[in-house]
Peer 1: 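Have a look at this one before I ask anything.
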Amino acid sequence: MLESLLHLLQRFLKSPNQIKQIHSRLITNGHLRRNPNPKFSKWRTTLFYNTLIRAHLGFGEAHKAFFLFTQMLSHQAHPNSHTFPPLVKAVAVAGGGGWPCYGRALHAQVVKRGVWGDPVVQTSFVSMYARFGEVWDARKVFDEMTEPCVVACNAMIDGLGKNGDMGGAVWMFERMPERDVVSWTSVISGFGRNGWFGEGVWFFKRMMGSEDVRGGFVKPNEATFVSVLSSCANLDGWGSLYWGKQIHGHVVRNEVQLSVFMGTALVDLYGKSGCLTGAWNVFEEMRVKEVCTWNAMISALSLNGREKEALELFEKMMEKRLRPNEVTFVAVLTACAHGNSVKCGLDLFKSMSKDFGVEPIMEHYGCVVDLLGRAGLFKEATELLKNMPFEPDASVLGALLGSCKIHGTTELGNEVGKKLIELQPQHCGRYLVLSNIYAANERWDHAASVRKAMVHAGIQKIPAFSRIDVRYVTFATKE
DNA sequence: GTAGGGTTAG
């Protein structure tokens, strides 16, 4: 009986319903309590709890994992080194402000139960501390490990990348005695996360040409492709489409079916590099689509001048009864702003919290201010700014300043521009837009004084340039 | 006598 329940648990680790059924059987049979029978070995109860905790984490019920742990303690089942890694991961998944409390409590438990020396447990803490920005604590745990294995080093590399230390990440990568696909992927995704897109793509190329310790090639997997595609999508100019297509080709030659992750990354890539046909083809080809996939396609349309189609696709998404999220509304509101659909945008803005339960954040206000400003509705825009539940940040004010420039609204532009310079004294563009507004209205004295203030603040203007890509030759003209 | 790391949309 016991053996078969254990077998079932392990087999259905990923099926919530089955796990819940087995869980209730375990409770009614009393297997989750300490059994006074000496024939009943102690570790078996521990094993049940460990497997249940892991299962609940697996299907996204992180809070139940904690509950199981407290039950485990109250029933005097002894946690061992296998108990903690899933719990530490549950802290990371649950996230939020409560992490220091849970995370450090678990750390204390680990020390108390005498399993701190276990490398798997230590690795899980390296990830957890790094994920919450405590890279110094992560490093301390890592340095306590006598012989960190590949996985531990990978966790540290990823942690350094997550905290903006790509120098440290690459340093560690170069000194590893052996590297696997995750080591490479961690560096590639780190570069992308920190905005070093070219370096990310370069590292991918380096990976494709390198050999591992056994003389074989390192084979990229789905995570590798998704990471490098996201870097490609953000490359400037022709590189984006060129390298993106190369990698897409590689995916097609090596992968059977497009996963949601990979497909979404490709839709985003084609959307950002202006190749709408490419984005559509991937979108249509995908069997399984999630909300983020629709978001990527709607953004692709709205960023490439197809505002009407973006809104139509949003309608289609509604017909499929998919739940739009924050990102969806950023995409559709952008479409409305670019397409000058004031009424449509305002209706969507009203309905997002009322009908869909999505509370507007700064980005949404930015879109609506942009929408109103472009239409010249400055009274409404300032009204919205005043009634925002939080202080407008530079992106929102920047949207308004941009509109003031288009419409030559000097007075408001002056006010907004001054506020912006207070917020971002080192941003050369802010001074220039303000000075251009004055110049456009022949207020040369004001224009000159803004330029002077800029020089005074020690800011140099970065020359703007426009660029036309013809095949692979780039023509650039400096302003 | 089970286990740990990397992934998409603004």
Side-chain angles (χ1 to χ4, degrees), chain A residues 6-7 9-11 13 41 43-44 46-55 57-58 80-89 92 115 118-128 130-131 142 145 148-159 161-162 169 180-190 192-193 220-231 233 258-269 271-272 279 282-283 286 289-300 302-303 324-335 361-364 366-367 395:
Chain A
L6 187 58
H7 185 79
L9 257 185
Q10 281 155 11
R11 185 163 156 215
L13 215 53
S41 58
W43 70 260
R44 214 175 273 274
T46 301
L47 179 54
F48 276 133
Y49 274 110
N50 288 354
T51 317
L52 281 172
I53 288 173
R54 196 152 60 89
L57 175 69
N80 62 14
S81 67
H82 293 289
T83 315
F84 291 101
L87 284 171
V88 176
K89 180 140 193 205
V115 289
D118 185 277
V120 180
V121 173
Q122 286 171 312
T123 304
S124 68
F125 278 99
V126 170
S127 298
M128 186 197 77
R131 177 187 279 252
F142 181 80
M145 301 177 76
C149 65
V150 192
V151 181
C153 293
N154 290 347
M156 196 62 237
I157 289 177
D158 176 57
K162 278 201 176 101
D180 61 9
V181 60
V182 181
S183 325
W184 286 94
T185 306
S186 300
V187 175
I188 294 169
S189 86
R193 202 196 318 270
N221 62 18
E222 200 193 335
T224 323
F225 283 123
V226 172
S227 289
V228 73
L229 280 172
S230 134
S231 274
L258 275 183
S259 69
V260 176
F261 264 84
M262 193 100 85
T264 304
L266 281 166
V267 171
D268 179 49
L269 166 90
K272 282 192 179 138
V282 177
F283 186 76
M286 288 171 71
K289 300 182 185 83
E290 281 174 14
V291 174
C292 62
T293 320
W294 289 80
N295 291 348
M297 193 64 226
I298 295 174
S299 312
S302 92
L303 289 176
N325 61 17
E326 288 176 350
V327 181
T328 321
F329 285 105
V330 172
V332 285
L333 289 173
T334 307
I361 54 171
M362 194 69 81
E363 276 86 343
H364 301 117
C367 292
S395 72

Peer 1: Could you tell me how far apart A:Met128 (CE) and B:dG4 (P) are, to the nearest whole angstrom?
Peer 2: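 It works out to 17 Å between those atoms.
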Peer 1: Figure out the CE/C1' separation between A:Met262 and B:dT8, and round it to whole Å.
Peer 2: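 Atom CE in A:Met262 sits about 11 Å away from atom C1' in B:dT8.
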Peer 1: Touch check for A:Ser124, heavy atoms < 4.0 angstrom, all strands: base, sugar-phosphate only, or nothing?
Peer 2: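 Since no nucleic acid heavy atom lies under 4.0 Å of A:Ser124, the category is nothing.
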Peer 1: Please work out if A:Asp158 contacts a base, only the sugar-phosphate, or nothing of the nucleic acid, heavy-atom cut-off 4.0 Å.
Peer 2: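 Sugar-phosphate: the residue A:Asp158, judged by heavy atoms under 4.0 Å, touches backbone atoms but no base.
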Peer 1: Quick one: A:Glu363 CD to B:dA9 P, roughly how many Å, whole number?
Peer 2: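 After rounding, the reported distance stands at 14 Å.
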Peer 1: At 4.0 Å (heavy atoms only), tell me whether A:Cys149 reaches a base, stays on the sugar-phosphate, or touches nothing.
Peer 2: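 Base contact.
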Peer 1: For B:dG4 and A:Arg54 - does any side-chain N or O of the residue sit under 4.0 Å from the phosphate oxygens OP1/OP2?
Peer 2: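 No, outside the criterion.
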Peer 1: Counting distance alone, no hydrogens or angles: does the base of B:dG6 have a donor or acceptor under 3.5 Å from a partner atom on the side chain of A:Asn221?
Peer 2: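 Looking at the base of B:dG6, it does pair with a donor or acceptor on the side chain of A:Asn221 (distance under 3.5 Å).
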Peer 1: Which one, B:dG6, B:dA9, B:dT2, comes nearest to the side chain of A:Asn325?
Peer 2: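 Minimum distance to the A:Asn325 side chain belongs to B:dA9.
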Peer 1: With a 3.5 Å distance limit and no angle check, can you tell me whether A:Ser230 reaches the backbone of A:Val226 through a side-chain donor-acceptor pair?
Peer 2: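 No, A:Ser230 side chain to A:Val226 backbone: no donor-acceptor pair under 3.5 Å.
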Peer 1: Establish, from distance only, whether the side-chain atoms of A:Asp118 and A:Asn80 form a donor-acceptor pair under 3.5 Å.
Peer 2: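 Note: A:Asp118 and A:Asn80 side chains miss the donor-acceptor criterion.
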Peer 1: Grab the CG-P distance between A:Leu52 and B:dT2 for me, whole Å please.
Peer 2: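 About 16 Å, once rounded to whole Å.
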Peer 1: Is it true that a side-chain atom of A:His364 and a backbone atom of A:Glu326 form a donor plus acceptor pair closer than 3.5 Å?
Peer 2: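 Indeed, once roles are kept as given, a pair shorter than 3.5 Å links the two residues.
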Peer 1: Return the set of residues passing side-chain contact (heavy atoms from CB on, under 4.5 Å) with A:Lys289 (not counting sequence neighbours), or none when no residue passes.
Peer 2: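 With sequence neighbours excluded, A:Lys289 shows a side-chain contact (heavy atoms from CB on, under 4.5 Å) to A:Phe283, A:Met286, A:Thr293, A:Trp294, given in chain and number order.
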Peer 1: Among B:dG4, B:dG6, B:dG10, find the nucleotide with the atom closest to the side chain of A:Val330.
Peer 2: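 From the listed options, B:dG10 comes nearest.
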Peer 1: Can you list the residues that meet the salt bridge (Lys or Arg N to Asp or Glu O under 4.0 Å) rule with A:Lys162, with sequence neighbours excluded?
Peer 2: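 In terms of salt bridge (Lys or Arg N to Asp or Glu O under 4.0 Å), with neighbours along the sequence ignored, A:Lys162 is linked to A:Asp158.
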Peer 1: Mind checking A:Lys289 for me? I need base, sugar-phosphate or nothing, with any heavy atom below 4.0 Å counting as a touch.
Peer 2: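 Result for A:Lys289 = nothing.
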Peer 1: I want to verify a distance call: between B:dT8, B:dT2, B:dG6, whose nearest atom is closest to the A:Cys292 side chain?
Peer 2: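 Selected nucleotide: B:dT8.
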Peer 1: Which whole-number value in Å describes the distance from A:Phe84 CZ to B:dA3 P?
Peer 2: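 Taking atom P of B:dA3 as the reference, CZ of A:Phe84 is at 17 Å.
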Peer 1: How far does CG of A:Leu47 sit from CG of A:Leu52, to the nearest 0.5 angstrom?
Peer 2: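 The CG atom of A:Leu47 sits 9.5 Å away from the CG atom of A:Leu52.
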Peer 1: From NZ of A:Lys272 over to C1' of B:dG10, roughly how many Å is that when rounded to an integer?
Peer 2: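 That distance rounds to 8 Å.
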Peer 1: Given the structure, check if the side chain of A:Asn50 and the base of B:dT2 hold any donor-acceptor pair shorter than 3.5 Å.
Peer 2: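 Indeed there is one.
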Peer 1: Just call it for A:Ile361: base, sugar-phosphate, or nothing, with non-hydrogen atoms closer than 4.0 Å on any strand.
Peer 2: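 If one applies the 4.0 Å heavy-atom cut-off, A:Ile361 turns out to touch a base.
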Peer 1: If I take atom CG in residue A:Leu47 and atom C1' in nucleotide B:dA3, what distance separates them, rounded to the nearest angstrom?
Peer 2: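 For the pair A:Leu47 CG and B:dA3 C1', the rounded distance is 12 Å.
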Peer 1: Specify the separation, in whole Å, of atom CG of A:Asn295 and atom C1' of B:dA9.
Peer 2: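 So the two atoms are 5 Å apart, to the nearest Å.
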Peer 1: For A:Ala223, report the nucleic acid contact type (base, sugar-phosphate, nothing); a contact means any heavy atom under 4.0 Å.
Peer 2: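 Touches a base.
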Peer 1: The side chain of A:Arg193 lies closest to which of these nucleotides: B:dT7, B:dA9, B:dA3?
Peer 2: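 So the side chain of A:Arg193 is nearest to B:dT7.
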Peer 1: Counting heavy atoms from C-beta on, name the nucleotide in B:dA9, B:dG6, B:dT7 closest to the side chain of A:Thr264.
Peer 2: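 Side chain of A:Thr264 sits closest to B:dA9.
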